[in-house]
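Working notes, structure below.
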Protein chains: 2
Amino acid sequence: MPWEKSFDESEVIDKAMHVFWQKGYMATSISDLTAATGIQRGSLYNAFSGKQELFLRSLQKYDREQRCVLLKRLEAIDDPLKAISVLFDAIVQQSMEDPQKKGCFLINTSLTLSEHDDEAQALVSTALKEFTQFFARQIKLGQQREQIPVTVPVRATARALFALVVGIRVMGRGGFDKPALHQVAKQALRLVS
Amino acid sequence: MPWEKSFDESEVIDKAMHVFWQKGYMATSISDLTAATGIQRGSLYNAFSGKQELFLRSLQKYDREQRCVLLKRLEAIDDPLKAISVLFDAIVQQSMEDPQKKGCFLINTSLTLSEHDDEAQALVSTALKEFTQFFARQIKLGQQREQIPVTVPVRATARALFALVVGIRVMGRGGFDKPALHQVAKQALRLVS
DNA sequence: CCGTGTTTTGACCTATCGGTCCAATCAATC
DNA sequence: GATTGATTGGACCGATAGGTCAAAACACGG
């Protein structure tokens with residue numbers, strides 16, 4: 001009886017994600033989304049409740065596929081100092097290899113978000129917090145293995161490292177070039193030694 | 001013959017600035033601006049060429065009254081370590097005492113800006129660069145006075161300190177509280193010792 | 001190959017956007 | 001107080017925003 005959708009919902013979200021990521025929520029119109037995804041207005045509203053939901057799903061997808069994947073990859077390294085170092089290199093790399101200089105979708109969103117989008121707000125909030133918890137875990141582990149001095153305060157340093165990540169991602173969108181970002185990344189390691 | 005304007009142009013820009021600062025360029029409508037400034041649509045367009053110019057003027061005013069004033073105040077301290085420390089305290093203070101959590105107008109704008117606003121882009125770019133140059137000057141001065149080890153790389157550390165400033169301002173808009181930001185500020189000083 | 005019920009399409013809706021326009025309004029000059 | 005000419009208020013403009021809807025297109029079970 002029914003009929004299968006002619007498009008892959010996940011692909012649509014992926015296309016929408018890149019538009020939202022580049023232009024932000026407000027600057028992205030429904031027309032932008034239909035143009036980018038190839039599906040028509042009505043179909044889009046048939047599959048999703050509206051712009052908001054599509055944005056939230058995009059944000060979730062980014063969080064799942066970018067942040068979670070990255071952190072899991074780093075956690076597998078099982079060498080705290082190396083993991084932190086690789087993380088910063090990866091961030092610098094990601095920041096510079098993107099010709100559109102989109103930066104980090106989550107961080108961009110945290111600055112753009114109006115206070116009415118409770119769900120998105122919550123998503124961003126927990127995402128950023130889990131990021132600092134990653135740092136905290138690595139530092140603690142490093143201290144257990146005596147790679148990192150026990151004089152290094154765990155939570156404070158974790159937060160500072162996270163602040164540096166945020167700084168790098170924001171600077172990567174402005175006029176700062178790769179050597180500049182790399183210098184910042186190098187300084188991050190001084191906080192854990 | 002003619003007739004004096006009934007409003008103070010500078011006051012209008014100040015009111016507009018706070019709206020743009022809080023909501024961003026795109027999310028601010030002309031109606032928002034007329035409501036906030038009290039003057040009517042026609043008068044606004046009579047005094048300014050449009051939304052763009054008003055935004056640029058707002059950004060200039062912020063740059064002049066916030067960033068420049070702050071940096072000048074710090075420069076007068078004539079004690080590099082103290083100046084840096086006071087700067088970070090001030091940033092944390094500013095971030096938390098604002099109930100609206102607006103953050104830094106310049107940093108917000110650097111993430112929101114579309115690539116067509118050349119003038120605003122340039123303003124933000126030089127503002128951010130002068131900020132890192134401030135750090136560089138302080139570090140160099142601190143080394144001359146033997147307050148800061150000469151092993152500290154000037155430019156790299158200056159950029160890292162700036163990245164921390166950006167991080168703090170962004171984190172201040174999200175769920176992070178005052179103790180958290182203060183811990184980050186404390187870590188900044190470890191980079192210059 | 002015919003119903004069935006979902007998907008698709010694109011025209012259409014209202015609200016609001018940034019911006020224009022001009023008659024009414026006023027302060028200064030005569 | 002009449003004249004002057006910029007300022008003001010707010011109706012108005014086309015464009016576009018996000019969102020709706022009904023008819024056409026379609027894949028399946030019978």
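Numbered from 1 within each chain, the chains take letters A, B, ... in sequence-line order. All values reported here derive from a predicted model rather than from experimental measurement.
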From CG of Asn46(A) across to C1' of dG5(C) the rounded distance in Å is 12 Å
Can you measure Glu53(A) atom CD to dG19(D) atom C1' for me and round it to whole angstrom units?
14 Å
For the residue pair Phe134(B) and Phe131(B), categorise the inter-ring angle as parallel (less than 30°), tilted (30 to 60°) or perpendicular (more than 60°).
perpendicular
Quick check on dT20(C): is either OP1 or OP2 less than 4.0 Å from any side-chain nitrogen or oxygen of Tyr45(B)?
no
Would you kindly give the CZ-to-P distance between Phe48(B) and dT7(D), to the nearest whole Å?
12 Å
Rounded distance in Å - NZ (Lys51(A)) to C1' (dT16(C))
13 Å
Among residues at least two apart in sequence or on other chains, which ones pass side chain to side chain contact (heavy atoms under 4.5 Å, CB included) with Gln143(B)?
Ile139(B), Ile148(B), Val150(B), Val152(B), Val154(B)
Side-chain donor/acceptor pairs under 3.5 Å, residues 104-113 of chain B, sequence neighbours excluded:
unit_1, atom_1, unit_2, atom_2, d
Asn108(B), ND2, Lys102(B), O, 2.6
Asn108(B), ND2, Cys104(B), O, 3.3
Thr109(B), OG1, Phe105(B), O, 2.7
Ser110(B), OG, Ile107(B), O, 2.9
Thr112(B), OG1, Asn108(B), O, 2.9

Going by the angle between their ring planes, with limits at 30° and 60°, are Tyr25(B) and Phe20(B) parallel, tilted or perpendicular?
parallel
Name every residue in residues 28-37 of chain B that has at least one heavy atom under 4.0 Å from any atom of DNA chain D, in order of residue number, or write none if there are no such residues.
none
Set of residues satisfying side chain to side chain contact (heavy atoms under 4.5 Å, CB included) with respect to Asp118(A), sequence neighbours excluded
none
Provide the full list of side chain to side chain donor-acceptor pair (under 3.5 Å) pairs with a residue in residues 151-168 of chain B, sequence neighbours left out, each pair given once.
Gln183(A)-Arg159(B)
Do the side chains of Asp78(B) and Arg145(B) get close enough for a salt bridge, i.e. N-O under 4.0 angstrom?
yes
Could you state the CE-C1' distance from Met26(B) to dT16(D), rounded to the nearest angstrom?
11 Å
Separation between OG of Ser58(B) and NE2 of His18(B), rounded to the nearest 0.5 Å:
10.0 Å
For nucleotides 9-13 of chain D, give me every protein contact, N/O to N/O, under 3.5 Å, one pair per line with atom names.
unit_1, atom_1, unit_2, atom_2, d
dG10(D), OP2, Gln40(B), NE2, 2.5
dG10(D), O6, Gly42(B), N, 3.3

Starting from P on dT8(D), measure out to CG on Asp8(B) and report it in whole angstrom.
12 Å
